[in-house]
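One structure is given below, encoded as structure tokens.
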Number of protein chains: 2
Amino acid sequence: MTGLGQAEPPATESVVRVRRLRRTERREQLLDAATRAFARTGYPATGLDDVAAEAGLTRAMLYRHFDSKADMYRAVLDRACVRLTEATGADDFDDGAIPALVRAAAADPDGFRLLFRHAVREPDFRDLVDELTAASRDIAHRSLARTIPPGPWLDWASRLVPALTIEAVIAWLDAGQPDPGQAAERVGQAVHGVMAAALPGAVPHVPPPATAPGTDDG
Amino acid sequence: MTGLGQAEPPATESVVRVRRLRRTERREQLLDAATRAFARTGYPATGLDDVAAEAGLTRAMLYRHFDSKADMYRAVLDRACVRLTEATGADDFDDGAIPALVRAAAADPDGFRLLFRHAVREPDFRDLVDELTAASRDIAHRSLARTIPPGPWLDWASRLVPALTIEAVIAWLDAGQPDPGQAAERVGQAVHGVMAAALPGAVPHVPPPATAPGTDDG
DNA sequence: CCGTTTATATACATCGAAGTGTACAAATCG
DNA sequence: CGATTTGTACACTTCGATGTATATAAACGG
């Protein structure tokens, strides 16, 4: 309605020749930016302006590719999930599983962190990661049951082994990703250590469980 | 369930004879309720109405005890931190550290989860937990340096050992807290496994780093 | 060269949660 | 009993983030 401030014309040689992207490429770039932004501060604390700034454009553009913030977040998580499952496969705990996981994490560290450090805590989106963790726990349970007798410590190890694997990979990412050739082997060794800790012989003897039920721990 | 103390029903009109609490007790009860509420859905996604509902009173009452939502959250985290450090002490990795941690986690599971699963991800509050994690990593580093030579894998283990300890304790909580007498020993065994994985001899040989760049890394 | 797509810029609408104020009711204590 | 504390109920403002609309400019493709 009014002569709103029009963008100043190039007027110089150094025109910022913005390369226009096709819809699909732009969408991928937006997903990349959103992954970084969300991985930094989490879903609720990250505004769409942050995502837009990370992508280098304005908030209005986001709505040309995604219906809502939740829709965008879901797309981000979906892509990370697909990448991960494609890289690792849904198969068992064979020798190639951990190397594949390490490779996938190194290929998309932000997506990896986003899935396992943030999305698990978001009530509206954890269903996406829950499939992964449930499958992992199931696989771990089946694999561990070959050496650990049934009982609470088998359950404990089945929960802990996937979590430890994730934590070990993230710690490896945080440490600067030293030689990837060793990484998978080290992670595997750590997992083996947890398995050993869940064996019946791991604990020498059961200390008497404090017959007085009163909690003296103040 | 609401922890309103002995709500003696007068068996008369619809008057709920609620026992009024003193300021200190009410504050403690509010901290308990806030711990539960925040541990369930995280700080940003938890409204003050949720906390009030969890405590069994109205939102206005919260402002008689805390200046703001952030102030309340900080009080919650502070109390959890104090409890934890009091229970474990700030000393080294002696034999009593892990049992103390397990006992503290069992005494306040929600506070434990809140600290290490949520607060670490909140940019405005992670400083509280960062002191804990930094101290843990430092302690772990000093302890591990006695057996692991300096290098990236010592750093890796120093990051991973505290994280694994936390994860192992949380997995133990999630598994239903089976016999606490064994728990600390199992966790210690798992930690030992990670230490072993960081030793130089853990990985049998270093696979050649693939002089031909692209084998199948798609 | 012209139309379509891609993008900018900005203003506006909307909506939920935080934070505030006030009036009133009930319980405890002197 | 009467004063103070503790709590309810509700209305209200403030504020930031989401979501929408419109006008305009630049790049690409035929």
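Chain letters run A, B, ... following the sequence lines, proteins first, then strands; residues in each count from 1.
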Can you measure [X] atom [atom1] to [N] atom [atom2] for me and round it to whole angstrom units?
X: R23(A); N: dT5(C); atom1: CZ; atom2: C1'; result: 10 Å
X: L57(A); N: dT6(C); atom1: CG; atom2: C1'; result: 10 Å
X: M61(B); N: dA25(C); atom1: CE; atom2: C1'; result: 14 Å
X: Y63(A); N: dA13(C); atom1: OH; atom2: P; result: 17 Å
X: L62(A); N: dT8(C); atom1: CG; atom2: C1'; result: 13 Å
X: L30(B); N: dT6(D); atom1: CG; atom2: P; result: 12 Å
X: R59(A); N: dT18(D); atom1: CZ; atom2: P; result: 7 Å
X: K69(A); N: dG19(D); atom1: NZ; atom2: P; result: 8 Å

- Query: Which pair of non-hydrogen atoms, one from R126(A) and one from V120(A), has the smallest distance, and what is that distance?
  - Reply: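 Looking at all heavy atoms of both residues, the shortest contact is CB-O, 3.6 Å.
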- Item | Contact summary for A75(B) and R27(B), nearest pair of heavy atoms |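 That closest heavy-atom pairing would be CB-NH2, 3.9 Å.
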- Task: Within residues 34-49 of chain A, find the residues that approach DNA chain D with a heavy atom at under 4.0 Å, and present them sorted by residue number.
- Result: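 T46(A), G47(A), L48(A) - these, ordered by number, are the residues of the stretch whose heavy atoms sit under 4.0 Å from the strand.
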- Message: Below 4.0 angstrom, which residues in residues 119-128 of chain A have at least one non-hydrogen atom near DNA chain D?
- Response: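 Heavy-atom cutoff 4.0 Å gives no residues at all.
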- Message: Suppose the criterion is side-chain hydrogen bond (donor to acceptor under 3.5 Å, both in side chains): which pairs have a residue in residues 163-173 of chain B, not counting sequence neighbours?
- Response: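 Those involving residues 163-173 of chain B do not exist here.
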- Is the NZ or CZ atom of R186(B) positioned over W156(A)'s six-membered ring, under 6.0 angstrom from the centre and within 45° of the axis?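 The answer is no, since R186(B) fails at least one limit relative to W156(A).
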- Using the ring of Y63(A) (Phe, Tyr or Trp, six-membered ring only), decide whether K69(A) places NZ or CZ under 6.0 Å from its centre and within 45 degrees of its axis.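 Checked: cation-pi criterion not met.
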- In this structure, which one of D174(B), L173(B), I170(B) forms a side chain to side chain contact (heavy atoms under 4.5 Å, CB included) with R159(A)? D174(B)
- Task: Go through the steps to decide whether R36(A) and D32(A) satisfy the test salt bridge (Lys or Arg N to Asp or Glu O under 4.0 Å), and finish with yes or no.
- Result: CA-CA 6 Å; R36(A) 286 193 299 274; D32(A) 292 342; 5.4 Å; no
- Query: Can you say whether the rings of Y43(B) and F38(B) are parallel (under 30°), tilted (30 to 60°) or perpendicular (over 60°)?
  - Reply: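 Plane angle between 30° and 60°, so tilted.
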- Message: Assuming nearest nucleotide by heavy-atom distance, tell me which of R64(A) and A60(B) is located more 5' along DNA chain D.
- Response: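 Its nearest nucleotide being more 5', the pick is A60(B).
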- Query: In terms of side-chain heavy atoms, does H118(A) have a donor or acceptor partner in R121(B) at a distance below 3.5 Å?
  - Reply: yes
- Check whether any side-chain nitrogen or oxygen of R26(B) sits under 4.0 Å from OP1 or OP2 of dG7(D), and answer yes or no.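 So the side-chain polar atoms of R26(B) do come within 4.0 Å of the phosphate oxygens OP1 or OP2 of dG7(D), strictly under.
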- Task: May I ask you to verify if any side-chain N or O of T58(A) is less than 4.0 angstrom from the OP1 or OP2 atom of dA9(C)?
- Result: no
